[in-house]
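Structure first, then comments.
Sequence lines set the chain letters: A, B, ... in the order given, protein chains first and strands last, and positions in each chain run from 1. Computed over heavy atoms, backbone and side chain alike; hydrogens, waters and symmetry mates excluded.
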Protein chains: 2
Amino acid sequence: MLSQRSKYALRAMTMLAAGKPGELVLVADIAKHRKVPRKFLELILLDLKKRGLLHSKRGKNGGYCLARPASKITFGEIVRITDGPLAPLACASLTAYRKCDDCEDEKTCSIRRVMRNVRDSAAAILDKVSLADTASKTR
Amino acid sequence: MLSQRSKYALRAMTMLAAGKPGELVLVADIAKHRKVPRKFLELILLDLKKRGLLHSKRGKNGGYCLARPASKITFGEIVRITDGPLAPLACASLTAYRKCDDCEDEKTCSIRRVMRNVRDSAAAILDKVSLADTASKTR
DNA sequence: GTATATGTCGACTAAACTGATCGGGATTCA
DNA sequence: TGAATCCCGATCAGTTTAGTCGACATATAC
């Protein structure tokens with residue numbers, strides 16, 4: 001299950017995708033419209049910014065906007081940033097591979113094989129769906 | 001990502017599936033061969049038993065065995081017992097549906113729609129793969 | 001320059017969860 | 001009886017999660 005963090009991130013991003021590209025939106029506005037605790041949202045947006053998904057401007061009339069066109073930001077990216085790898089097992093992850101501690105033979109591990117399939121099918125969806133695919137329906 | 005619990009459960013179950021049907025196996029043996037902390041494994045097996053996946057016998061010459069043919073026990077069942085619903089969001093779950101707190105219109109929620117697809121594709125795999133599919137390769 | 005709005009950031013907290021251990025109880029068999 | 005074995009409640013340390021607080025940096029408007 002996705003963390004609250006991830007859910008909030010997705011909500012915020014779909015809201016930004018629904019507006020005009022480049023238009024700055026206040027953290028407070030996102031928090032209000034998407035029902036996200038304000039201060040918590042700040043942390044999440046900051047993180048998304050550091051990972052290159054958002055731009056921000058400080059000071060008066062500041063705010064956040066998408067760093068790229070909505071069509072170039074996928075659900076997969078957002079989820080990986082806020083929740084970590086998609087794969088159910090680290091040894092089945094592409095973006096965050098790590099060898100199992102106790103598994104001798106990765107090649108023949110049927111658990112890994114199955115989980116790799118799960119990962120692949122999740123990635124096939126999440127890495128294809130972009131914020132643009134949701135923008136029209138979200139407002 | 002799957003919890004350690006789930007990983008241990010899957011390892012234990014594949015081991016039981018690899019043996020003769022109905023043959024009793026000691027917790028201690030599973031713990032040893034699958035490198036799972038013994039006491040922790042007891043809890044997990046007990047849980048799987050309560051949910052109808054395992055049979056056990058107490059006392060001398062006791063042990064655990066699968067409660068059904070390996071072909072009738074799926075990865076999906078095991079994961080749901082040890083890790084909860086497959087869906088990334090409760091509102092996208094079939095077996096553990098719960099309405100989103102803050103989502104007004106489920107019908108048009110694009111986040112939900114995407115996550116429902118992810119759930120469906122994961123379930124399509126995990127509910128189809130059974131322990132029998134792994135048994136031959138696991139020994 | 002000053003005031004003010006706004007993002008930035010580190011520290012902090014309470015609660016829940018995770019992974020695991022301990023000690024003993026109940027049951028079965030020989 | 002006694003050894004083997006599953007059953008079970010209590011406990012625990014560490015991590016994660018969700019969220020708050022307060023101060024600071026920066027930009028704009030005046």
Side-chain angles (χ1 to χ4, degrees), chain A residues 1-12 16 22-32 34-67 79 81-85 88-90 100-102, chain B residues 1-12 16 22-32 34-67 79 81-85 88-90 100-102:
Chain A
M1 299 269 277
L2 287 183
S3 65
Q4 202 67 12
R5 248 179 98 73
S6 269
K7 290 187 230 169
Y8 289 160
L10 288 170
R11 280 198 222 161
L16 288 170
E23 187 183 24
L24 293 171
V25 182
L26 303 185
V27 176
D29 281 353
I30 302 174
K32 191 175 167 192
R34 295 303 206 205
K35 294 178 183 161
V36 179
R38 157 105 196 248
K39 281 294 197 176
F40 193 30
L41 181 59
E42 280 185 12
L43 298 182
I44 297 167
L45 295 182
L46 196 55
D47 205 9
L48 291 168
K49 177 194 167 164
K50 284 177 182 164
R51 304 291 291 266
L53 268 54
L54 294 176
H55 274 159
S56 69
K57 197 183 149 198
R58 303 220 267 194
K60 200 165 185 180
N61 301 324
Y64 279 94
C65 66
L66 299 183
V79 170
I81 288 172
T82 49
D83 241 27
L89 298 176
C100 286
D101 296 335
D102 313 322
Chain B
M1 299 271 276
L2 288 183
S3 65
Q4 201 65 13
R5 249 178 99 73
S6 270
K7 290 186 230 170
Y8 290 160
L10 288 170
R11 280 197 222 162
L16 289 169
E23 188 184 21
L24 293 172
V25 182
L26 303 184
V27 176
D29 281 355
I30 302 175
K32 192 174 166 193
R34 295 304 206 203
K35 294 178 185 160
V36 180
R38 156 103 196 254
K39 281 296 197 176
F40 193 31
L41 182 58
E42 281 185 11
L43 298 181
I44 297 168
L45 295 182
L46 197 55
D47 205 8
L48 292 168
K49 177 195 166 163
K50 283 177 182 163
R51 303 291 290 268
L53 266 54
L54 294 177
H55 274 157
S56 69
K57 198 183 150 199
R58 301 220 267 193
K60 201 166 185 178
N61 301 325
Y64 278 97
C65 66
L66 299 183
V79 170
I81 289 172
T82 50
D83 242 27
L89 298 176
C100 285
D101 296 337
D102 313 322

field: Over all atoms of both residues, closest heavy-atom pair of B:Leu16 and B:Cys65
entry: CD2-CA, 4.4 Å

field: Residues that B:Lys60 engages under side-chain contact (heavy atoms from CB on, under 4.5 Å), provided they are two or more places apart
entry: none

Nearest heavy-atom neighbours spanning A:Gly62 and A:Leu24: O-CB, 4.0 Å

- prompt: Can you tell me how far P of D:dT15 sits from CE of B:Met1, to the nearest Å?
  reply: 17 Å

message: Just the rounded figure in Å: distance from C1' of C:dG19 to CD1 of B:Ile44.
response: 9 Å

- prompt: Atom CG of A:Leu2 to atom P of D:dA18: distance rounded to whole Å?
  reply: 10 Å

query: Looking only at side-chain N and O atoms, does A:Tyr8 come under 4.0 Å of OP1 or OP2 in D:dA18?
result: no

field: Residues that A:Gln4 engages under side-chain contact (heavy atoms from CB on, under 4.5 Å), provided they are two or more places apart
entry: A:Lys7, A:Tyr8

query: Who passes side-chain contact (heavy atoms from CB on, under 4.5 Å) against B:Asp29, sequence neighbours left out?
result: B:Val25, B:Leu26, B:His33

Give each protein N/O atom lying under 3.5 Å from an N/O atom of nucleotides 14-18 of chain C, with the pair distance.
none

Please report, to 0.1 Å, the donor-acceptor pairs under 3.5 Å made by any side chain of residues 36-55 of chain A, with sequence neighbours excluded.
residue : atom : partner : partner atom : Å
A:Asp47 : OD2  : A:Arg5  : NH2          : 2.8
A:Lys49 : NZ   : A:Ser56 : OG           : 2.9

message: Can you measure A:Leu54 atom CG to C:dT8 atom C1' for me and round it to whole angstrom units?
response: 14 Å

- request: Identify the heavy atoms of B:Lys35 and B:Arg11 that sit nearest to each other, and give their distance.
  value: O-NH1, 3.5 Å

Sub-4.5 Å side-chain heavy-atom contact between A:Leu2 and A:Thr82: no

- request: Mark up nucleotides 3-11 of chain D, 5' to 3', with B wherever a protein heavy atom is under 4.0 angstrom from a base atom, S wherever such an atom reaches only the sugar-phosphate, and - elsewhere.
  value: -BBBBB---

